[in-house]
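Right, one structure below, let's go through it.
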2 protein chains.
Amino acid sequence: MAPTPKGRATYHHGDLAAALVQTTLEIIDEVGVRGFSVAEAARRTCVSPGAPYRHFADRDALLAAAALEVSRRLRAIYLETAADVGSAQERLATVAGTFVRTAARYRGGLDILFAPGLRATHPELRDSTREFVDLLLPSAFEVVAPGDAAVTAVALLDALHALARGYVAQLLEGKFGDPDDVVEEVATRATRAARALVAGYGVSSGPVGEGCGDR
Amino acid sequence: MAPTPKGRATYHHGDLAAALVQTTLEIIDEVGVRGFSVAEAARRTCVSPGAPYRHFADRDALLAAAALEVSRRLRAIYLETAADVGSAQERLATVAGTFVRTAARYRGGLDILFAPGLRATHPELRDSTREFVDLLLPSAFEVVAPGDAAVTAVALLDALHALARGYVAQLLEGKFGDPDDVVEEVATRATRAARALVAGYGVSSGPVGEGCGDR
DNA sequence: CATTCAATGTATGAGCCTCTCACATCACTC
DNA sequence: GAGTGATGTGAGAGGCTCATACATTGAATG
């Protein structure tokens with residue numbers, strides 16, 4: 001009968017959408033995507049279980065919003081780290097390592113950013129990482145053989161992306177041991193692998209012919 | 001009062017565990033891991049909602065069992081495809097492409113095989129892919145510089161694994177368009193990237209120093 | 001054979017979650 | 001200062017996971 005908010009002074013929250021996104025990230029860090037529930041997010045934000053649905057169509061929409069926030073933070077970190085790297089080759093290689101290190105810090109965050117279901121249904125998540133590509137494309141061009149540079153540069157970035165995500169996946173699932181303990185080692189490996197990849201795509205690389213077919 | 005099975009002749013199913021695993025794979029192909037529920041699996045197998053819990057401790061255990069089945073099928077396919085590839089370099093490169101193609105066919109299957117939560121909590125899933133590593137290690141040894149061969153060969157396989165999984169992730173989330181349409185293209189790209197990677201780790205590769213530090 | 005028993009399935013239900021709907025409250029505009 | 005749209009509350013329908021008590025059956029045992 002008397003809708004009085006429980007843990008708050010005012011009836012309206014103020015900025016519930018943002019608060020929910022923040023809370024969502026915290027919950028996911030604790031219990032993972034599977035353990036996350038909209039109800040719990042509402043509880044921690046001291047609103048009724050139905051309130052979140054005023055701002056997000058469904059559970060997935062809230063998760064996607066949180067993932068977008070992660071993407072924003074990732075980009076910021078990237079800009080800090082890669083700006084002061086000299087050669088294009090090393091810049092690309094460094095990105096891979098940084099990506100792995102960041103994954104360890106944002107843990108659950110990356111879980112949603114790369115959750116298969118979410119990315120397939122929420123295109124804005126894919127767009128957000130595409131902006132990353134634009135950031136890196138110039139470096140890729142510098143590194144690649146001049147022939148079909150445009151195609152090859154993009155292909156190189158896709159390969160680097162694949163490589164980094166694969167390492168992150170292996171890191172977070174504990175393949176190499178406790179993630180916190182092995183971050184640095186894995187980041188180093190990722191950097192080295194990226195270096196090898198870049199070298200393989202590079203100008204004077206004999207073994208890798210261009211436009212080579214499969215099998 | 002009278003527990004009569006509904007869609008069956010006999011009271012006991014016969015091999016409910018196996019049937020559930022099969023049904024689970026089908027459901028996941030249709031609606032993804034998120035959409036899967038034990039209740040639905042029970043329904044399709046014409047048993048009561050509680051029956052599956054006689055065979056699997058919880059939802060995740062059933063998913064893990066299904067993932068293991070996928071892993072078995074994957075290995076079979078791999079053995080067919082890679083056996084008749086001549087050089088070690090090309091064998092490794094081919095694996096990456098094959099992996100991507102298989103991913104497109106087993107779609108949902110790979111979703112669970114690589115579901116972050118599952119792999120982290122069910123070590124048998126990680127073990128199952130480790131057997132893959134044993135299969136490939138000899139090829140990796142052939143390809144790698146003789147110095148610290150043991151370490152480098154394993155590192156190369158990790159890198160290849162990372163690369164392939166990353167491509168699969170991008171493929172299945174629709175980054176390149178409808179998965180069915182672009183499988184071949186992506187598989188080719190994966191193969192090429194793998195080739196570049198192998199070349200980068202290879203014997204006479206100047207640019208990639210051994211034991212090189214990060215940044 | 002009759003009996004027992006472990007394995008397997010059913011029925012029921014507690015507790016949680018997602019999402020909906022009618023209604024309350026508030027900030028803002030005219 | 002009344003109207004209005006945005007935001008929150010409370011209640012609830014329907015579904016799911018998992019636990020528990022009970023029914024059924026095939027196989028081993030005497």
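Since we're looking at a predicted model, the values are computed, not measured. Chain naming here is simple, since letters A, B, ... match the order of the sequence lines and numbering starts at 1 in each.
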Gap between atoms [atom1] and [atom2], on [X] and [N] respectively (whole Å):
| X | N | atom1 | atom2 | result |
| --- | --- | --- | --- | --- |
| Leu16(B) | dT24(D) | CG | P | 19 Å |
| Phe56(B) | dA19(D) | CZ | C1' | 18 Å |
| Leu20(B) | dT17(D) | CG | P | 12 Å |

Original post:
What parts of residues 24-37 of chain A reach DNA chain D, counting only heavy atoms under 4.0 Å away?
Top reply: none
Subject >> Audit row: Leu62(A), Phe36(A), side-chain contact (heavy atoms from CB on, under 4.5 Å) steps and yes/no >> reply: CA-CA 11 Å; Leu62(A) 174 49; Phe36(A) 168 81; 3.8 Å; yes
Do [X] and [Y] make a side-chain contact, defined as non-hydrogen atoms from C-beta onward lying under 4.5 Å apart?
| X | Y | result |
| --- | --- | --- |
| Leu160(B) | Leu157(B) | yes |
| Tyr106(B) | Arg73(B) | yes |
| Arg59(A) | Arg34(B) | yes |
| Val21(B) | Leu68(B) | no |

**OP:** Please check the phosphate of dA7(C) (OP1 and OP2 only) for any side-chain N or O of His55(B) closer than 4.0 Å.
**Re:** no
Subject >> Contact under 4.0 Å: Arg43(A) side-chain N or O vs dC17(C) OP1/OP2 >> reply: yes
**OP:** Step through the shown structure and confirm whether more than 12 heavy atoms of other residues, nucleotides or ligands are within 6.0 Å of CZ on Arg126(A).
**Re:** yes
**OP:** Could you check whether Ala39(B) gets within reach of a base, just the sugar-phosphate, or nothing at all, counting any heavy atom under 4.0 Å?
**Re:** sugar-phosphate
Close N or O pairs between protein and nucleotides 19-23 of chain C (under 3.5 Å):
from, atom 1, to, atom 2, distance (Å)
dC19(C), OP2, Tyr53(A), OH, 3.1
dC19(C), OP2, Arg59(A), N, 2.8
dA22(C), N6, Arg54(A), NH2, 3.3

Original post:
Does Arg165(A) pair with Glu173(B) as a salt bridge, N-O distance under 4.0 Å?
Top reply: yes
Original post:
Is the closest basic N to carboxylate O distance between Asp29(A) and Arg105(A) below 4.0 Å?
Top reply: no
